[in-house]
Amino acid sequence: MSLLDRGVDPHRREALEVAVSTGKQTHDNAVVVPTRPTRADAARNYDKLVDAAQELFATDGIDVALDKVAAQAGVGIGTLYRHFPNRTALVLGTFRSYSERLNAQAWERLERGTAIDALTGLFEDYMSTAATKRGMKEAILAAVGADAEVFEESRAAGRALMAAIIDAGAREGTIRSDVEPGDLSRLTGGLSMTCVPEDSATERARLIGIVLAGLRP
């Protein structure tokens, strides 16, 4: 009897069939780093799923039922398993999307405004979603470890962003000359770690203001 015939429920069977045809592992302990599809309809479903997962990770926790994620995204559970063969894959894909989105928002602010605008927005984005990020990070550390590919991707993208912010700040005269990209990354992480769900936007803005004051020449 093949693996696909051993009493697997229909939705998992569908995911396993896709996995066998593509060579991907799908058992619960496998580490499958998902990639966003290039086909438009598949990409839309992928985006719906990671958006739903991020929202539900924030409200229900990382252990939220996967069928609830699928329902929130407006797709079937089979579609979820085609993109994310297990929970770890969903967390990895959602973390990657989350990191890319926050970086993209900061780049847009930098292009439209000033270095301080970009940095202020980035600090606020990370602080306001800190609990969700912590939950995803802890799950990835437990399942994959500290050398997870998505962590290195996030760090590399962050270094490039922070370097650009510092360069802009130097031209504008708004950031001290001795500030390095790693300093801004550590400050971002430090601010995120101080957050609690009860913090208001006003409290977050006050803390950000204190840090920005220390970064000025």
Side-chain angles (χ1 to χ4, degrees), residues 31 33 50-51 53-55 57-58 61-62 88 90-217:
V31 176
V33 182
V50 295
D51 288 346
Q54 184 175 330
E55 182 178 337
F57 289 165
I62 292 294
T88 298
L90 179 61
V91 175
L92 287 166
T94 304
F95 183 92
R96 174 183 279 162
S97 176
Y98 163 88
S99 299
E100 289 175 347
R101 181 179 302 154
L102 265 58
N103 266 27
Q105 289 170 180
W107 278 107
E108 289 174 8
R109 293 189 190 102
L110 187 59
E111 291 169 2
R112 295 195 313 263
T114 67
I116 296 301
D117 293 334
L119 198 53
T120 300
L122 186 66
F123 284 161
E124 166 59 22
D125 285 346
Y126 271 100
M127 292 175 75
S128 62
T129 58
T132 305
K133 183 186 179 185
R134 279 197 294 270
M136 289 190 288
K137 186 174 181 180
E138 289 168 1
I140 294 169
L141 284 170
V144 184
D147 59 348
E149 179 182 340
V150 292
F151 289 161
E152 180 50 40
E153 290 172 352
S154 178
R155 286 191 292 266
R159 285 192 295 268
L161 172 62
M162 298 309 185
I165 290 174
I166 289 171
D167 287 346
R171 292 192 301 271
E172 297 160 5
T174 55
I175 295 179
R176 291 167 43 167
S177 61
D178 61 342
V179 175
E180 299 179 354
D183 299 330
L184 296 186
S185 295
R186 292 176 70 180
L187 288 170
T188 303
L191 283 168
S192 297
M193 290 300 293
T194 67
C195 288
V196 294
E198 294 76 22
D199 280 346
S200 65
T202 300
E203 177 63 12
R204 292 195 299 269
R206 188 183 71 82
L207 293 173
I208 291 170
I210 292 170
V211 171
L212 292 176
L215 291 171
R216 295 185 188 279

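Any value given below was found using the heavy atoms of this structure, including those in side chains, with hydrogens, waters and symmetry copies removed.
- Nearest heavy atom pair, residue Leu110 against residue Ala168, reads CD1-CB, 3.8 Å.
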Original post:
Do Phe123 and Leu212 pass the side-chain contact (heavy atoms from CB on, under 4.5 Å) test, and can you show the C-alpha distance, the side-chain angles, and the key distance before you say yes or no?
Top reply: CA-CA 10 Å; Phe123 284 161; Leu212 292 176; 4.1 Å; yes

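- Looking at Ser99, its side chain does come within 3.5 Å of a backbone N or O of Phe95 through a donor-acceptor pair.
- Taking the charged nitrogens against the carboxylate oxygens, Asp183 and Arg176 have no contact shorter than 4.0 Å, which rules out a salt bridge.
- Between Arg101 and Asp51 there is a salt bridge, with a side-chain nitrogen of the basic residue lying less than 4.0 Å from a carboxylate oxygen of the acidic one.
- Taking all atoms of both residues into account, the shortest heavy-atom contact from Arg109 to Leu122 is NH1-N, 3.7 Å.
- The backbone N or O of Ser192 lies less than 3.5 Å from a partner atom in the side chain of Arg134, making a donor-acceptor pair.
- Within the 4.5 Å cutoff, the side chain of Ile62 has heavy atoms near those of the Met136 side chain.
- Listed here is the closest heavy atom pair of Ser128 and Asp125: OG-O, 3.2 Å.
- Summarising the geometry of Ala139 relative to Val91, their closest heavy-atom pair is CB-CG1, 4.2 Å, with the distance given to 0.1 Å.
- The 12-atom threshold is not exceeded at CZ of Arg186, counting heavy atoms of other residues, nucleotides or ligands nearer than 6.0 Å.
- Listed here is the closest heavy atom pair of Ala164 and Trp107: CB-CH2, 3.4 Å.
- Two residues are said to be in side-chain contact when any heavy atoms from C-beta on lie closer than 4.5 Å; Phe57 and Leu90 meet this criterion.
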**OP:** Apply side-chain contact (heavy atoms from CB on, under 4.5 Å) to Asp199 and Met127, showing your working.
**Re:** CA-CA 9 Å; Asp199 280 346; Met127 292 175 75; 5.7 Å; no

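- For the residue pair Asn103 and Gly158, the shortest heavy atom distance occurs at ND2-N, 3.6 Å.
- Between Arg216 and Glu172 no salt bridge is recorded (no basic side-chain N to carboxylate O distance below 4.0 Å).
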**OP:** Take Leu187 and Leu215 through the test side-chain contact (heavy atoms from CB on, under 4.5 Å) and record every step on the way to the result.
**Re:** CA-CA 10 Å; Leu187 288 170; Leu215 291 171; 3.9 Å; yes

Subject >> Audit row: Leu102, Tyr126, side-chain contact (heavy atoms from CB on, under 4.5 Å) steps and yes/no >> reply: CA-CA 8 Å; Leu102 265 58; Tyr126 271 100; 3.8 Å; yes

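- A donor atom on one side chain and an acceptor atom on the other are found under 3.5 Å apart for Asp117 and Thr114.
- Rounding to the nearest 0.5 angstrom, the gap separating the CD atom in Glu203 from the CD atom in Glu198 is 11.5 Å.
- Expressed to the nearest 0.5 Å, how far CD1 of Ile116 lies from CD1 of Ile208 amounts to 11.5 Å.
- Looking at heavy atoms from C-beta onward, Leu161 lies out of side-chain contact with Leu184 at the 4.5 angstrom threshold.
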